[in-house]
Protein chains: 2
Amino acid sequence: MSSKFIDNPLNCPVTRTMSIIGGKWKPIILNCIGDRTIRFGKLNQIIPSISNKVLAGELKEMEHYGLVHRIEFTEMPPRVEYSLTNDGKSLLPLLHELANWGNTHTAKKIIKEFA
Amino acid sequence: MSSKFIDNPLNCPVTRTMSIIGGKWKPIILNCIGDRTIRFGKLNQIIPSISNKVLAGELKEMEHYGLVHRIEFTEMPPRVEYSLTNDGKSLLPLLHELANWGNTHTAKKIIKEFA
DNA sequence: AATTTCGGTTACCTTTTGGTTACTTGTATT
DNA sequence: AATACAAGTAACCAAAAGGTAACCGAAATT
């Protein structure tokens, strides 16, 4: 990595990726959607520790990015279904690699000691 | 990703990885060290936009994690050399994948529109 | 005698991130 | 008539992350 990438941090490809999928919840949400279509409430159910405010915000941001597709059914009570766009799906192998390293002995040892 | 991973977020491998290498600077620092041995000042030079306070803090944290190796020479002025441990080097392929996705048309487009 | 060098530390401040609680909407159910 | 439902939104708050500027120590250089 040469320094030209870092003068403006967004010229660095690693930083670009992290600024798009970084943060506490985005990679988890993307991974949870995966290849399926899933309702807001279901996402909230399988990620119980996220607040619906944050879930809604992250989904909206990723929808703006074009990673997430949102379909709203005009019913009452409302129904909204989320899925990944092709761009979003292009992240799944990377997320899988993140998960692989997280299952490493190294990662588990670090977490056990410092969490 | 099933919900058992998320009740305690650190049971989720993706979250484990992100909690270790997440943040604004850690992946860049790891990538900059790479396979070489590099002095503190040199790192600061090739990542000019990081403050030395933050650089020192991140290095110390990653040293505690066992990802980074630090050798202090008792000279004056001081000299300190950093390199990756084997555990740290095990992250390089993943960082490379992060960079690959960041070089994607998709990533560049998103950054261009929203940065 | 003053300045430079290197690898930090300290105190302080701002920004960002994420969390909590309450509320909305219109239909259907109790 | 009151309540439940799904998918949020709004107002407010706490914590964490990150940035800035000043300082340190002892030897070498000017």
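Numbered from 1 within each chain, the chains take letters A, B, ... in sequence-line order.
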Engineer: How long is the line joining CD of Glu72(B) and C1' of dG25(D), in whole Å?
Structural biologist: 13 Å

Engineer: Could you tell me if Asn11(B) and Arg16(B) have a donor-acceptor pair between their side chains, going purely by distance under 3.5 Å?
Structural biologist: no

Engineer: Is a donor-acceptor pair below 3.5 Å formed from side chain Lys53(A) to base dG8(D), judging by atom type as modelled?
Structural biologist: no

Engineer: In whole angstrom, give the distance that lies between atom NZ of Lys42(B) and atom P of dG8(C).
Structural biologist: 17 Å

Engineer: Between P on dT9(D) and CG on Asn44(A), what's the gap in Å once rounded to a whole number?
Structural biologist: 13 Å

Engineer: What nucleotide among dT9(C), dG18(D), dT20(C) has an atom nearest to a side-chain atom of Ser51(A)?
Structural biologist: dT20(C)

Engineer: Can you figure out which of dG8(C), dG8(D), dG18(C) approaches the side chain of Lys24(A) most closely?
Structural biologist: dG18(C)

Engineer: Grab the CZ-P distance between Phe73(A) and dT25(C) for me, whole Å please.
Structural biologist: 24 Å

Engineer: Would you call Glu58(B) and Lys60(B) a salt bridge, taking side-chain N to carboxylate O under 4.0 Å as the test?
Structural biologist: no

Engineer: Describe the nucleic acid contact of Gly57(A) in one word from base, sugar-phosphate, nothing, applying a heavy-atom distance below 4.0 Å.
Structural biologist: nothing

Engineer: Taking donor-acceptor contacts at under 3.5 Å, does the side chain of Asn52(B) reach the base of dG8(C)?
Structural biologist: yes

Engineer: Could you check how far CD of Glu58(A) sits from C1' of dA7(D), rounded to whole Å?
Structural biologist: 17 Å

Engineer: Do Arg70(B) and Glu72(B) meet the salt-bridge criterion of a basic N to acidic O distance under 4.0 Å?
Structural biologist: yes

Engineer: More than 12 heavy atoms of other residues, nucleotides or ligands under 6.0 Å from NZ of Lys89(B): yes or no?
Structural biologist: yes

Engineer: How close or far is atom P of dT17(C) from atom CD1 of Ile21(A), stated in whole angstroms?
Structural biologist: 15 Å

Engineer: Under 4.0 Å between a side-chain nitrogen and a carboxylate oxygen: does that hold for Lys26(B) and Glu61(B)?
Structural biologist: yes

Engineer: What's the closest nucleotide to the side chain of Val54(A) if the choices are dG7(C), dG19(C), dG18(D)?
Structural biologist: dG19(C)

Engineer: Look at Arg39(A) and dA7(D) and indicate whether a side-chain polar atom (N or O) is within less than 4.0 Å of OP1 or OP2.
Structural biologist: yes

Engineer: Give the nucleotide from the list dG19(C), dA6(D), dG18(D) with an atom nearest to the side chain of Trp25(A).
Structural biologist: dG19(C)

Engineer: Can you measure Ile71(B) atom CD1 to dC6(C) atom P for me and round it to whole angstrom units?
Structural biologist: 18 Å

Engineer: In whole angstroms, how far is the C1' atom of dG8(D) from the CE atom of Met76(A)?
Structural biologist: 11 Å

Engineer: dG8(C) phosphate, OP1 or OP2: any side-chain N/O from Arg70(B) under 4.0 angstrom?
Structural biologist: yes

Engineer: Which one, dT9(C), dG19(D), dA6(D), comes nearest to the side chain of Lys60(B)?
Structural biologist: dT9(C)

Engineer: Identify whether any heavy atom of Tyr82(A) sits under 4.0 Å from a base atom; if not, whether one sits that close to sugar-phosphate; answer base, sugar-phosphate or nothing.
Structural biologist: sugar-phosphate

